[in-house]
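Here the structure is laid out as structure tokens; the discussion comes afterwards.
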Amino acid sequence: MSTTSPGSESGHHDPHLAHHFENAEQQADSAKLGMWIFLATELLFFSGLFCAYAMYRANHPEIFIWADQFLDKKLGGLNTVILICSSLTMAWAVRAAQLGRRRALAILLTATLVFAACFLGVKGIEYNTKWKHGLLWGKYYHPHVEGAAESGAAPVTAPPAAAPDKAAAASDGTEIPPAAEGPAGLAPANAPAHEIPASAPKNVQIFFSIYFVMTGLHGIHVIAGMIVIAWLLRRTLRGEFGDGYATPVDNVGLYWHLVDIIWIYLFPLLYLIR
Amino acid sequence: MAEAHQTTGVHVVPLKVLVAVWAGLVFLTWLTFAASRINLGSLNLWVAMGIATAKGSLVLLYFMHLRWDKRFYALVFVGTLLFVMLFVGGVLIDTTHYQSQMIPGYAPGMHGQ
């Protein structure tokens, strides 16, 4: 630690520079590359859920169209705007840190925290409404809201319809047999693709399972973001940033913007299906 | 402006650019909301995804500095996106292909074919 770094022009030791880096720029680049690789793993993490979404929507468009009417588009849109505002204050905070403006940095980090809290508050209102109406995941799906309970939810453990029996029943020509309707089964043959069905389709709980896991995992990321932003704020108030050192603010900013990007996709996919 | 005394190699995004990107994102949010109210059939999904991708690109390029940063960061991110598309695309090809074979003759889209 006592060696002076060759990269610092003035010759005095930079307290933020670890001894194994040539100079501050190399250190910042390494940290940033690590952050981008972490963001790549985050993207892959979420892609499993986007994949589940795509598969169930491809197989059961009628479930998604039906369930979408129970999501509040205005609250979803409001949350999108809140998160975009928080992204602006975060990007602005990075700018303030780069320019060494500590007071502005503290104010902007606080603003980002406030927007994040607003986002979680709106999300809480939405979750509460879903809870009251029984619009929950899997076997907890017991809707008691106007229009949702008509056919009731099929139990999630229902076995897929046995294909040979259905085919045999069809041979008398009285009815078109339904396709298998297990969670990975098929949509009714003549389901209109882009209109709300007249009655509730089966297995609507699939949509709410996907909705809660996707928005829940995103919410956990928002909470994690708030924790690290609070940590940044503490370090800012101690005067640790500025003087050319802003790497932690920069990297937390990158994380926060990724959380924003994921919501940018979740909003139309979950709230604006029709 | 005070940008002149910035440290080595760091690009400071002008405040005007940040605010313009924010305004663009809010406008695109309104646009995706408005577009969802028009019935375009199966095109609705693609319009929504196109607008979301435009918004995501704005965030990546300006808020996340990709426009000015090392190209390698963009390569890491876009490379990951390609693998995500391969993953989701592969599953979709499989599940749509499988549909018609689960119960021959009774799967959606098979009637009248």
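By convention in this document, chain letters (A, B, ...) are assigned in the order of the sequence lines, proteins followed by strands, and residues within each chain are numbered from 1.
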#### Entry: side-chain contact (heavy atoms from CB on, under 4.5 Å) evaluation trace for A/D260 with B/K55
CA-CA 10 Å; A/D260 187 24; B/K55 289 167 75 181; over 6 Å; no
### Task
Please name the pair of heavy atoms, one in A/G77 and one in B/T29, separated by the smallest distance, quoted to 0.1 Å.
O-CG2, 4.5 Å
### Student check: side-chain heavy atoms of A/Y265 and B/M49 closer than 4.5 Å
yes
### Task
Please look at B/L18 and chain A and tell me whether the side chain, the backbone, both or neither of the residue comes under 4.5 angstrom of a heavy atom of that chain.
both
### Query
Rounded to the nearest 0.5 Å, what separation is found between the CE atom of A/M55 and the OG1 atom of B/T96?
10.5 Å
### Query
Taking atom CG of B/L45 and atom CZ of A/F64, what is their separation to the nearest 0.5 Å?
11.0 Å
### Query
Based on non-hydrogen pairs under 4.5 Å, which of A/A52, A/G76, A/C51 is most in contact with chain B?
A/C51
### Query
For the candidates A/T80, A/L43, A/V81, which exhibits the highest count of non-hydrogen atom pairs separated by less than 4.5 Å from chain B?
A/L43
### Summary
One should read off an interatomic distance between A/Y271 OH and B/F33 CZ, to the nearest 0.5 angstrom, of 12.0 Å
### Query
Taking B/G56, B/G79, B/G89 one by one, which has the highest count of heavy-atom pairs under 4.5 Å against chain A?
B/G56
Identify each donor-acceptor pair in which a side-chain atom of residues 57-64 of chain B lies under 3.5 Å from a protein atom, sequence neighbours left out, and give them as a table.
from, atom 1, to, atom 2, distance (Å)
B/S57, OG, B/T53, O, 2.7
B/Y62, OH, B/R67, NH1, 3.0

### Contact origin within A/I262 toward chain B - heavy atom pairs under 4.5 Å
neither
### Task
Would you indicate whether the side-chain heavy atoms of A/L33 and B/K70 approach each other to under 4.5 Å?
no
### Which atoms of A/F267 approach chain B - backbone, side chain, both or neither, heavy atom under 4.5 Å
side chain
### Query
Would you say the side chain of A/F50 lies within less than 4.5 Å of the side chain of B/V84, judging by non-hydrogen atoms?
no
### Message
Below 30° counts as parallel, above 60° as perpendicular, anything between as tilted: where do the rings of B/F77 and A/W36 land?
### Response
perpendicular
### Message
To check you understand the geometry: which heavy-atom pair defines the closest contact between A/P268 and B/T32, and what is its length?
### Response
CB-OG1, 4.2 Å
### Task
Under the side-chain hydrogen bond (donor to acceptor under 3.5 Å, both in side chains) rule, collect the residues that match up with A/S47, sequence neighbours excluded.
none
### Query
Non-hydrogen atoms of chain A under 4.5 Å away: do they reach the side chain of B/L66, the backbone, both or neither?
side chain
#### Entry: Minimum heavy-atom distance between B/S36 and A/L272, given as atom pair plus value
OG-CD2, 3.6 Å
### Query
Do A/L254 and B/H65 come close enough that some side-chain heavy atom pair is under 4.5 Å?
no
### Message
Is the shortest side-chain heavy-atom distance between A/D29 and B/Y73 below 4.5 Å?
### Response
yes
### Query
What heavy-atom pair brings A/R95 and B/V12 nearest, and what distance separates the two atoms?
CG-CG1, 3.5 Å
